[in-house]
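What follows is a single structure, and I will ask about it in a moment.
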Amino acid sequence: MQVAPSILSADFGNLARDVQEICEGGCDLVHVDVMDGHFVPNLTIGPVVVEAVAKAATKPLDIHLMVENNTFFVELFAPLKPEYISFHIEEEKHPHRLIQKIRSYGIKPAIVLNPHTPPESIEFLLQDLDMVLLMSVNPGFGGQSFIETVIPKAKRLQALRDKINPNCLIEVDGGVSDKNVQVLKDAGVDVVVAGSYVFKHENRAEAIKSLQV
């Protein structure tokens, strides 16, 4: 299991230190939540802060856009050369065009599905994606409880993925801990995003290791 700690739960007064700590602690990706206060009821970080994260990180960035104007934000963050940029299918009128745009920057495109959105909604986009992110909480805030229905949803996505594009990764974000990581792996999940669980743990390297099942 790959682990992508979400910096949403980091100490923003010591952001560079926290990013360095999770990278040295063995994480695979650094998950960056970008929220615009419109698509979700929260406002987080812009390119100046993400640039600081990119400088501190020794692992690739995984940028998750929770915004209304996806194209604008893709263009804003593309110069930072993250590994992935993911956007919500619920907000994008022209997802295929945006996927191509992200890939044109040399960045791997990913699509995010909210808890209510079925995996079949992206069946005809799967062949063009490098990752699908399933939300196991409602997007907007850290520290929420895990929504159990993501398990059967991941299994359905895994069946689709294996048929259409076996190289596409499945990522889950929200309420992930050592208590549910094994069941997520059994459901076909390749990457877990963990914010509170990693950053509130007294030993962050240990927390990351406990998720690498």
Side-chain angles (χ1 to χ4, degrees), residues 2-40 42-89 91-92 94-113 125 128-135 139-142 167-174 190-195 198-199 204 208:
Q2 292 187 52
V3 179
S6 168
I7 64 159
L8 189 62
S9 299
D11 174 1
F12 273 65
N14 295 285
L15 191 54
R17 179 205 67 191
D18 279 10
V19 169
Q20 287 164 358
E21 189 176 339
I22 59 169
C23 291
E24 289 166 6
C27 75
D28 300 281
L29 297 162
V30 176
H31 191 79
V32 181
D33 292 299
V34 176
M35 310 180 195
D36 65 352
H38 297 284
F39 179 63
V40 290
N42 195 5
L43 185 65
T44 57
I45 55 180
V48 174
V49 177
V50 180
E51 188 174 357
V53 172
K55 282 179 182 170
T58 53
K59 299 293 174 72
L61 300 192
D62 173 24
I63 295 181
H64 173 192
L65 300 179
M66 288 170 262
V67 299
E68 287 190 347
N69 189 346
N70 282 308
T71 300
F72 169 79
F73 282 94
V74 166
E75 290 170 351
L76 205 58
F77 291 110
L80 298 177
K81 292 294 179 191
E83 183 87 357
Y84 297 94
I85 291 182
S86 57
F87 64 90
H88 278 259
I89 191 68
E91 187 51 45
E92 185 51 47
H94 303 287
H96 189 262
R97 183 185 299 163
L98 187 58
I99 289 165
Q100 290 175 314
K101 186 176 192 69
I102 293 168
R103 199 175 291 288
S104 74
Y105 289 115
I107 298 163
K108 295 174 181 174
I111 277 181
V112 194
L113 304 183
L125 294 168
D128 300 304
L129 294 172
D130 283 271
M131 189 162 70
V132 178
L133 170 52
L134 302 179
M135 295 303 298
F141 296 93
N167 294 320
C168 180
L169 298 179
I170 299 172
E171 183 175 41
V172 165
D173 181 0
D190 306 290
V191 188
V192 287
V193 177
V198 169
F199 282 104
R204 291 165 180 176
I208 290 166

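Remember, it's a predicted structure, so these values are computed and weren't measured experimentally.
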#### Entry: Side chain to side chain, M135 and H64, heavy atoms closer than 4.5 Å
yes
### Task
Would you name the heavy atoms of E83 and I107 that are closest together and state the gap between them?
O-CG2, 3.8 Å
### Summary
CZ of F73 to CD of E68, rounded to nearest 0.5 Å, is 9.5 Å
### Query
Do the side chains of I7 and V30 get nearer than 4.5 Å, heavy atoms only?
yes
### Message
So which atom in P5 and which in V198 form the shortest heavy-atom distance, rounded to 0.1 Å?
### Response
CB-CG1, 4.2 Å
### Task
With side-chain contact (heavy atoms from CB on, under 4.5 Å) as the test, would you mind laying out the steps for F72 and V67 before giving the verdict?
CA-CA 10 Å; F72 169 79; V67 299; over 6 Å; no
### Nearest heavy-atom neighbours spanning I99 and P109
CG2-CG, 3.7 Å
### Query
Would a distance-only check, ignoring hydrogens and angles, find a side-chain to backbone donor-acceptor pair under 3.5 Å from K59 to C27?
yes
### Task
Indicate yes or no: at least one non-hydrogen side-chain atom of K101 is less than 4.5 angstrom from one of N70.
no
### Message
Between V74 and F87, does the side-chain contact (heavy atoms from CB on, under 4.5 Å) criterion hold? Intermediate values first, please.
### Response
CA-CA 9 Å; V74 166; F87 64 90; 5.9 Å; no
### Message
Tell me which one of D62, D173, D33 satisfies side-chain hydrogen bond (donor to acceptor under 3.5 Å, both in side chains) with S6.
### Response
D33
### Query
Would you call L133 and Y84 a side-chain contact if the rule is heavy atoms closer than 4.5 Å?
no
### Message
Rounded to the nearest 0.5 Å, what separates atom NE2 in H96 from atom CG in L129?
### Response
9.0 Å
### Task
Report the distance from atom CG of L98 to atom CD of E91, rounding to the nearest 0.5 Å.
11.0 Å
### Query
Do the side chains of L65 and F77 get nearer than 4.5 Å, heavy atoms only?
yes
#### Entry: Where D28 and Q2 come nearest, the two heavy atoms and their spacing
OD2-CA, 3.2 Å
### Query
Do D128 and R103 sit within salt-bridge range, that is, some charged N less than 4.0 Å from a carboxylate O?
no
## Note on the structure
Correct closest heavy-atom pair for V40 and P139 would be CG1-O, 3.5 Å
### Task
Show your reasoning for whether side-chain contact (heavy atoms from CB on, under 4.5 Å) applies to D18 and F12.
CA-CA 8 Å; D18 279 10; F12 273 65; over 6 Å; no
### Message
With a 4.5 Å cut-off on side-chain heavy atoms, are K108 and M131 touching?
### Response
no
### Query
Got a second to check how far E92's CD is from T71's OG1, nearest 0.5 Å?
5.5 Å
### Message
Distance check, rounded to the nearest 0.5 Å: I63 atom CD1 versus L29 atom CG?
### Response
11.5 Å
### Task
Give the intermediate values and the outcome of side-chain contact (heavy atoms from CB on, under 4.5 Å) for residues T44 and M66.
CA-CA 10 Å; T44 57; M66 288 170 262; over 6 Å; no
### Query
Between L43 and G37, which heavy-atom pair has the shortest distance, and what is it?
CD1-N, 4.1 Å
### Query
Taking C-beta and beyond as the side chain, do D11 and R17 meet within less than 4.5 Å on heavy atoms?
yes
### Message
Strictly distance-based, threshold 3.5 Å: is any side-chain N or O of K81 a donor or acceptor partner for the main-chain N or O of Y105?
### Response
yes
### Task
Quick one: pull up CD in E75 and CD1 in I85 and give me the separation to the nearest 0.5 Å.
10.5 Å
